[in-house]
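As a basis for the values below, the full set of heavy atoms in this structure was taken, side chains included, without hydrogen atoms, waters or symmetry mates.
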Amino acid sequence: MKEYNPGLIEPKWQKIWDDNGTFHADNMSLKQKYYLLIEFPYPSGKGLHVGHPRPYTALDIVARKRRLEGYNVLFPIGWDAFGLPTENYAIKNKVHPRQVTRENIARFKEQLKSLGFSFDWSREINTTDKNYYKWTQWIFIQLFKMGLAYKKEFPINWCPSCKVGLANEEVVNGNCERCGGGVHKKVKNQWMLKITEYADRLIDDLDGLDYIERVKTQQKNWIGRSYGLEVDFKIDGTEETLKVYTTRPDTLYGATYMVIAPEHELIEQFKDKISNYEELVTYREESSNKTDIERTEVVKDKTGVSIKGLEAINPITGEKIPIFVSDYVLITYGTGAIMAVPAHDSRDYDFAKKFELPIIEVVSGGNIAEEAFTDNEQGKMINSELINGLEVNAAIEKISDYLENKGIGKRTKNFKLRDWVFSRQRYWGEPIPLVNCDNCGWVSLDEKELPLELPDVESYEPTDNGESPLAIIEDWVNTTCPKCGGKAVRETDTMPQWAGSSWYFLRYLDPRNDKALASEESIDYFMPVDWYNGGMEHTTLHLLYSRFWHKVLYDIGVVKTKEPYKKRTSHGMILGENGEKMSKSRGNVVNPDEIVEEYGSDTLRMYEMFIGDFEKSVPWSMNGVKGCRRFLDKFYKLQDILVDSDRYSSDMEVIMHKTIKKVSHDFETLKYNTGISTMMELVNTFNKKGEINIKEFETFLILLNPVSPHITEELWVDVGLPGMLNQSKWPEYEEGKTIDDTIDMPVQINGKLRGTIKIKRDADLKTVKAIVFANPELLSNIEGKTIIKEIFVPGKIFNIVIK
RNA sequence: GCCGAAGUGGCGGAAUGGCAGACGCAUACGACUCAAAAUCGUACGGGAAACCGUGGGGGUUCAAGUCCCCCCUUCGGCACCA
């Protein structure tokens, strides 16, 4: 009797797979391809924790299953290695980021290898490799040439402690996502990417995709498309107009004042006419000095200043209405100006109350004396001459037509999505391959000059004035213009971490290509990604950015599919045993190394999948790990009760077919936990029977293999099955053999269970009644009562309704 | 405030409208052992029972964790987006 010893088995099989290149994908295969993608890790200094293997194991299961089903599977791995944590660590410890990165990758790699993932390591990529970022830079140049990259003075989110500009996405509740410190506004000249130009396509193309619904809705909400009308309000006594954007033109009769953002150009334009100009400038300065937290803190108490000397004219009523400046109107959305309808917008209502402005009800059904009536789609228009009596939607159409015909309105749409701030004033990122020439302006490097290498320097600390560390390397900065040959300076900002990850799935296809980011053939063959699993936290950042870049590459013919990922799923977080998020400071981090050491990676992998609903967060449990090890021990011992046979034994046939069906299905639908529990039941069944034949065992080995690959490969050889398990085929089931002949049919009286009877599945009512009414125990429930109704669902249930 | 997901034993969690709690953990008892661990076996929602039990309240149905309406709570996302 042999002992199960994962410490021996696991390294052995990992070496065999490595030596044989078992999991290498063929570049040109007649087999159907299947491309599985996990989010490539950021190699931090902390190493893996047990949260990492959860998504990796899930797709590894699919990868292994697909190979057994005869697919040419591409399941690659790489490193998203540029970024702030490494740079910060490097600065603190005086080690070059390149060195830190190398060490971190080595550690991650060792850990991942010990878990037995079937990655194609021959395609390993690294975003900090110059042969990789060469192509990141190449894509940037394409964006630049297409006019999708532009430089703009922009009030960006500035983190004074990281000394870095942040994208909107990196600001969480007004704080820096990385260091947690407060974020201020700072005007910087930044490279921006016009993702907004793709906003419609990023929404509309979601329709054909197999993404989990919450990802789709989150992306749609983030992009935030709305349809409305731009309306011109005349400024009294001038020829100028003030343009507003509104989604509710039907409420125009209720527009009793206007509000513009503090930064609105109108203030400068009419500087001379405005009698309280100074006051407005002061207000503007105050609001720009507010951090985002301060701005949201004062949500309840609106501030603002009336513009004295200017009045607007409501285009439909002809009334003169005042104009205010307030920071509740954002310069970055719509036209930076609004018509305020206090009766039907709670923000306008609050403002009107505070500044004692008139409130005119135009949709009936609310209580204007108490609060704004906003949920009014069913309401009818009142006090609105042209559209009185209409419902809201009809009124919107009618008034929009009217204003468009008069030339003072225009149907339009707006997005919440902003352009992508692409510059970082940091060292550890891809240099932006542009120079600024005195004669030619911004010019991109010749593509043959790529990669523009990150200069190896001693000091990569951020500068106090917020410039990139590259800015002080004079012999790097000063260069010549590729266009005119004159004097030019390099762009010294680097790219954000999202750059390298926006296209990495393409590099896997052909990772050593030095002529293109990947060959056309490989792109044609492997794209799109069939299944991409990753964290929900990447929904509005990485996932959207990479879809955007892919569409750009589609537009220039590099890729042939509109979308990079056919299917997107997401996993829940693994929490510490105390139910809190795993972190060093909470002291609840579990290192996978310990589990592998004590129980083996097959156990770890199984527990990662058995721990609970894959899509939900769940606390770790060491006892749960033990339970999985117990299962593998029992499984291993099945070889002691093995008997010979070339077919499933008759009493096991149904359960075998059922199990194949259930496991096959569950591995495809993120129900790994129930798939595993089905196999646990199967072990229990065999143990109860005291016997398993070789045919049954063979099937069982293959079913379990994707979850726990080492033990199953080992047993395959041990019991003398031919070749290796990884060369075998995924078992098939026959639908007809998944159904039991006899069942325990529940018998209910008035919907309450009173017993079960053993019958043939296809037994008819007559047969069932004969058994039920011969059963004294069941009968005692009915005695003396009148039977009103009998509900019989063949093969399911028999329910007697009595009175 | 808006959008989304979810509330089932001591815990993680199962249940095409048809036997609620599969499977695992924890726990208790028994076997083995000098003893313990490991292993194996039995029990394990509450209640003495009738019965009661899937966040709360209504409803549809022969039958509801599952469908409909209202409410509460938790988590995730967004947050003055006009």
Please measure how far the P atom in B/rU60 lies from the corresponding atom in B/rG45, and state the result in whole Å. 33 Å

Span that lies between the C1' atom of B/rG58 and that of B/rA64, in whole angstrom: 14 Å

OP1 or OP2 of B/rA14 sitting under 4.0 Å from any side-chain N/O of A/N673? yes

C1'-based separation of B/rA20 from B/rC44 [nearest Å]: 16 Å

Please report the distance separating the P of B/rU33 from the corresponding atom of B/rA22, rounded so that it comes out in whole Å. 33 Å

If you measure from the P atom in B/rC25 to the same atom in B/rU73, how many Å do you get, rounded? 37 Å

Taking the P atom in each of B/rG47 and B/rG10, what is the distance between them to the nearest angstrom? 10 Å

For A/N799, which contact category applies under a 4.0 Å heavy-atom criterion: base, sugar-phosphate, or nothing? base

Write down the distance separating the C1' atoms in B/rC80 and B/rA15, rounded off to the nearest Å. 45 Å

5'-most by nearest nucleotide on RNA chain B - A/T247 or A/I611: A/I611

Identify whether any heavy atom of A/T678 sits under 4.0 Å from a base atom; if not, whether one sits that close to sugar-phosphate; answer base, sugar-phosphate or nothing. nothing

For atom P, what is the distance between B/rG4 and B/rC71, given to the nearest Å? 15 Å

When all nucleic acid strands are considered with a 4.0 Å heavy-atom cut-off, which category describes A/K671: base, sugar-phosphate, or nothing? nothing

Could you tell me whether A/G334 contacts a base, only the sugar-phosphate backbone, or nothing, with contacts defined as non-hydrogen atoms closer than 4.0 Å? nothing

Below 4.0 Å: OP1/OP2 of B/rC25 and any side-chain N or O of A/R630: yes

For A/D744, report the nucleic acid contact type (base, sugar-phosphate, nothing); a contact means any heavy atom under 4.0 Å. base

With a 4.0 Å cut-off on N to O distance, would you call A/R225 and A/D200 a salt bridge? yes

Does B/rG41 count as syn, meaning its glycosidic angle lies within 90° of 0, or as anti? anti

Fit a plane to each ring of A/F631 and A/F700, take the angle between them on a 0 to 90° scale, and name the class: parallel (under 30°), tilted (30 to 60°) or perpendicular (over 60°). tilted

With the side chain counted from C-beta on, respond yes when A/V654 and A/T738 share a heavy-atom pair under 4.5 Å apart, and no when they do not. no

Check every strand shown and say whether A/K796 touches a base, only sugar-phosphate, or nothing at a heavy-atom separation below 4.0 Å. base

Among side-chain atoms of A/T569 and A/N533, is any donor-acceptor pair under 3.5 angstrom? yes

When rounded to whole Å, the CE to P distance for the pair A/M680 and B/rA22 reads 14 Å

Got a donor-acceptor pair under 3.5 Å from the side chain of A/K302 to the base of B/rC80? yes

Describe, in one word, how the ring planes of A/Y545 and A/W420 are oriented to each other, choosing from parallel (under 30°), tilted (30 to 60°) and perpendicular (over 60°). parallel

Think A/T539 has a side-chain N or O under 4.0 angstrom from the OP1 or OP2 of B/rG77? no

